[in-house]
Amino acid sequence: MNLRVLLFAGIAERAGTREWPLLDLEAPLTVGALVQRLERDHPFLRSVPYVVARNQAVVRADEVLSDGDEVALLPPLSGG
Amino acid sequence: MNLRVLLFAGIAERAGTREWPLLDLEAPLTVGALVQRLERDHPFLRSVPYVVARNQAVVRADEVLSDGDEVALLPPLSGG
Amino acid sequence: MTVAPDARKQWHHLTRAPIDVGALTAQVADVEAGAICTFLGTARRHSEGKEVNLLRYEAYPEMADRVIAEIVAAAQARFAGAKVAVMHRLGDCPLGEASVAVVVAAPHRGEAFAACREVIDTLKTKAPIWKQEEFRDGTAWVGDPGSFQPRRDA
Amino acid sequence: MTVAPDARKQWHHLTRAPIDVGALTAQVADVEAGAICTFLGTARRHSEGKEVNLLRYEAYPEMADRVIAEIVAAAQARFAGAKVAVMHRLGDCPLGEASVAVVVAAPHRGEAFAACREVIDTLKTKAPIWKQEEFRDGTAWVGDPGSFQPRRDA
């Protein structure tokens, strides 16, 4: 299973990139399990507040991801 | 004592003029007494709702008028 | 040549021309303001089910200009940091065009919305301005039930 | 030539150019509307006491454009007769210029004010858009305390 993880604003800045492509993940994978994995590989995430969107909608941690999903880590919103 | 009475909107239309000059009135004259006189001379006023302004401020009936005052009859406001 | 009384004076808050909202906004815009709230009253085609061709506004201009200036000053005093601009149109106002504009710039949006709403509400109840609706069959002053005048050539 | 992702698509509610409030107003103006309420968020010189040189906005544009379209649709459903236009600026936003505009036309002013306020409040909490403040000594993302980056050449 392949996923794209999109990064924005302060998270993209800390990561030094706007996207983490994740290839050959083992299914099934929940949003919560993906977050655990990302926070293990990128420890800076543990100290940044963010919510997770899946295919452009905010999701709960127990949702199961599908191949090709577009995941996004959204730091605190400040538009307007 | 001389006064100008300014008329607007539906009152001016009914009166057929925008101003009634009132000359040689006997002082002292209150706003209430002036209104009584105007309603006697122009009976249509009795069936029109209006408030009275004196020198560009709304006044009470017991205020006493002065020579040269600008009185205005204001039908229901509908600006905006 | 006869000059109408209105034409001799310069009013701050009254105009016979279309209202220039951009110019009003420029009057209040400020790099310390984070929010601008604008209200436009616009001439509607329908009034209580009847079709309107045109609105026409008349004022007691000396008093209206002064009353609006007092409303602006009161709003600026009550809402700290707010800057307020107001313009009311007089004479013919074609459908869809603005009869009144209120523009408020303020540090934050709460005050901008509240001040804008307060100014238009107060203007409507205090400023000596009158709206005449022109229908196909005649004219009437809004709020003055006996004022309907049938159209002469109808 | 490399084309930035944003440049390839046409967004309905996002723009990299200065916001054209007149064009948004024309989108919603209607002879059945008696009231138009407009909100502009503008770039302020001061943020919590610190002097700002420039604001910069970034979005997750596919999601932001969709979320704003949903907010517009919800407001139009909730306030009968209301027509809503929204535009958010991305990229650099110089001081005094509008970062966001919400324009609501409605039959009466109550709905126009209420819908305008609801749209901007909801946009601020739901649209994936981020504001970066540029200070003399560095930059920071609003609401993200650890994000301050000192200026490299300072």
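Within every chain, numbering begins at 1; the chains are lettered A, B, ... in the order of the sequence lines, protein sequences first and strands thereafter. Side chains are part of it too, since the values below use all heavy atoms of this structure and drop only hydrogens, waters and symmetry mates.
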* Please determine, among B:G10, B:G79, B:A12, B:A9, the option with the most heavy-atom pairs under 4.5 Å with chain C. => B:A9

* Check whether B:V51 gets within reach of chain C through its side chain, its backbone, both or neither, counting any heavy atom under 4.5 Å. => neither

* **When B:S47, B:G80, B:A72 are compared by non-hydrogen pairs under 4.5 Å with chain C, the top option** => B:G80

* Asked: Of all of C:S99, C:P128, C:A140, which one pairs up most often with chain B through heavy atoms under 4.5 Å apart?
  -> C:P128

* Asked: Under 4.0 Å between a Lys/Arg side-chain N and an Asp/Glu carboxylate O for C:K50 and C:E133?
  -> no

* To do: State the CD-OH distance between C:E62 and C:Y60, to the nearest 0.5 angstrom.
  => 6.5 Å

* To do: Flag the pair C:E134 and C:R56 as a salt bridge only when some basic side-chain nitrogen lies within less than 4.0 angstrom of an acidic carboxylate oxygen.
  => yes

* Structure fact -> Cut-off 4.5 Å, heavy atoms of chain C, and the answer for B:A53 is side chain

* Residue pair C:P18 / C:E97, side-chain heavy-atom distance below 4.5 Å -> yes

* Structure fact -> Highest number of heavy-atom pairs under 4.5 Å with chain B among C:K126, C:H88, C:R89, C:E58 belongs to C:E58

* Asked: Mind checking whether C:F135 and C:V52 have side chains closer than 4.5 Å, heavy atoms only?
  -> yes

* Measuring from C:N53:CG to C:R45:CZ, what's the distance to the nearest 0.5 Å? -> 9.0 Å

* At a heavy-atom separation under 4.5 Å, does C:W141 approach chain B through its side chain, its backbone, both, or neither? -> side chain

* Engaged part of B:L77 at the chain C interface, taking heavy atoms whose separation is under 4.5 Å -> both

* **Basic-acidic side-chain contact under 4.0 Å: B:E70, B:R54** => no

* Structure fact -> Bottom line for C:Y57: the part with an atom under 4.5 Å from chain B's heavy atoms is side chain

